[in-house]
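What you are looking at is a predicted structure, and each value in this text was computed from that prediction instead of being measured.
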Amino acid sequence: MTALDLIREALERLASLTIRTASAAADEAARVTYTAQRDLTASQLPPGSRLQLAVRFGRADQDPLAAIVTRTTQQITSRARPLSREATEAVRGELVRGVAVGDNPREAARRMLRRVEGAFNGGLARAATIARTEMLDASRAAADASQADHADVLDGWIWNASLDPRVCPACLAMHGTQHPVSEAGPQGHPNCRCSRTPKTKSWADLGFDIPEPPSLLPDARTWFDTLTDAEQQQIMGRRRLDLLKSGNLAWQDIPQRRDNPDWRPSYQVRPLKGLSGRDAQVA
């Protein structure tokens, strides 16, 4: 067995592990999210009302969940399998650059891996991205299905980003935006941590003549303004932050929708060179 064969086997095991682990996790994520969305919706309705009880203790429809898990498993499988071929080709490329394969394939494999660490770890990094992204998408699809069950009391859903120093500018700009229940999402970038939060209709629209408490969803702009300049720069980058503070860049211009026929649409950060007019001149 050659060193290349050993590496190919390792990558095949990695792909198989990715499929098994991510598929099982996606199943759990979908089921937990489905129930959590029901509870989130109920929490926004008048306490103790028949409407709240009907939402909270409504029976879960297992058919959408089963379809979501099946679709997610198929996607994970189709995307994880090419890992071994692509990474092996990267290793083969290093071989032709002068890495000798001796009589001891394990020692040769170790030498090869030291030299092609980036290519080999690229397979591992991509496997992690596939697993994380598909699990999160399964969770979002379950949220979509759960909200569809209670569309009669919902006014839409809110894009909810993780407000911490790791948030990307596009997700931060999308935070708090409202979307129809029928719209899929949030359609973030690979590894995106954003979620969809149900937003019920006003209590008055639902027929309750009682005071309604304010929303507890934090405001992205207010949160961002509390950060230090260094923290804001960590999120935005220096040039984008300067444009934002000078008024030459609007928050709504930060995200950009990108279509991907092999995956799905995703909102990503608009490159500075993609700005027009005065913005581009300043950038």
Validation row: Met174, Gln252 side chains within 4.5 angstrom (heavy atoms): no
Donor-acceptor contact present, side-chain Trp157 to main-chain Glu183, <3.5 Å: yes
Whether Glu212 side chain and Trp203 backbone form a donor-acceptor pair below 3.5 Å: yes
Nearest-0.5 Å distance, CZ of residue Arg240 to CZ of residue Arg270: 10.0 Å
Gln234 side chain near Pro165 side chain, heavy-atom distance below 4.5 Å: yes
ILVMFWY cluster, Ile158 and Trp223 together (side-chain gap under 4.5 Å): no
Within one Ile-Leu-Val-Met-Phe-Trp-Tyr cluster: Leu241 and Leu272, side-chain cutoff 4.5 Å: yes
Distance, nearest 0.5 Å, that separates NE2 of His189 from OG of Ser266: 8.5 Å
Least distance between heavy atoms, Leu154 atom then Pro198 atom: CD2-CB, 3.9 Å
Side chain Lys201, main chain Asp152, donor-acceptor under 3.5 Å: yes
Heavy atoms from other residues, nucleotides or ligands near CD1 of Ile210 exceed 12 (cutoff 6.0 Å): yes
Nearest heavy atoms of Ala170 and Ile254, plus distance in Å: N-CG2, 3.9 Å
Salt bridge present between Asp242 and Arg238 (N-O < 4.0 angstrom): yes
Remaining members of hydrophobic cluster (4.5 Å side-chain criterion), Leu40: none
Gln232 CD to Thr226 OG1 distance, which is reported to the nearest 0.5 Å: 8.0 Å
In one Ile/Leu/Val/Met/Phe/Trp/Tyr side-chain cluster, 4.5 Å: Met236, Leu163: yes
ring-ring contact (aromatic ring centres under 6.0 Å, His included) contacts touching residues 133-155 (sequence neighbours left out): none
Expected output: side-chain Arg38 to main-chain Arg56 donor-acceptor under 3.5 Å: yes
Lys/Arg N to Asp/Glu carboxylate O, Asp137 vs Arg264, below 4.0 Å: yes
Distance-only donor-acceptor check, side chains Gln147 and Gln37, under 3.5 Å: yes
Working for side-chain contact (heavy atoms from CB on, under 4.5 Å), residues Ser195 and Ser139: CA-CA 8 Å; Ser195 61; Ser139 177; over 6 Å; no
Ionic contact status for Arg221 with Asp225, cut-off 4.0 Å: no
Sidechain-backbone polar pair: Thr35 side chain, Val32 backbone, donor-acceptor under 3.5 Å: no
Any donor-acceptor N/O pair, Ser146 side chain to Tyr34 backbone, under 3.5 Å: yes
Spacing of Gln187 atom CD and Cys192 atom SG [to the nearest 0.5 Å]: 10.5 Å
Distance-only donor-acceptor check, side chains Asp155 and Gln178, under 3.5 Å: yes
Donor + acceptor pair across side chains of Ser162, Asp164 (<3.5 Å): no
Linked, directly or transitively: Leu227 and Leu172 (ILVMFWY side chains, under 4.5 Å): yes
Geometric cation-pi criterion, Arg196 with Trp159: 6.0 Å, 45°: no
N/O donor-acceptor pair under 3.5 Å between Gln52 side chain and Gly48 backbone: yes
Side chains of Ser202 and Asp205, donor plus acceptor under 3.5 Å: yes
Heavy-atom donor-acceptor pair, Arg140 side chain to Cys194 backbone, under 3.5 Å: yes
Straight-line distance of Leu216 CG to Thr197 OG1, nearest 0.5 Å: 11.5 Å
same_hphob_cluster(Val167, Leu244) at 4.5 Å side-chain heavy-atom cutoff: yes
Flag, side chain of Gln268 to backbone of Gln256, donor-acceptor distance under 3.5 Å: no
Donor on one side chain, acceptor on other, Thr177 and His175, under 3.5 Å: no
Shortest non-hydrogen separation from Ser49 to Pro46 and the atoms involved: OG-O, 2.8 Å
Point-to-point distance, once rounded to the nearest 0.5 Å, from CZ of Arg166 to CD1 of Ile235: 11.5 Å
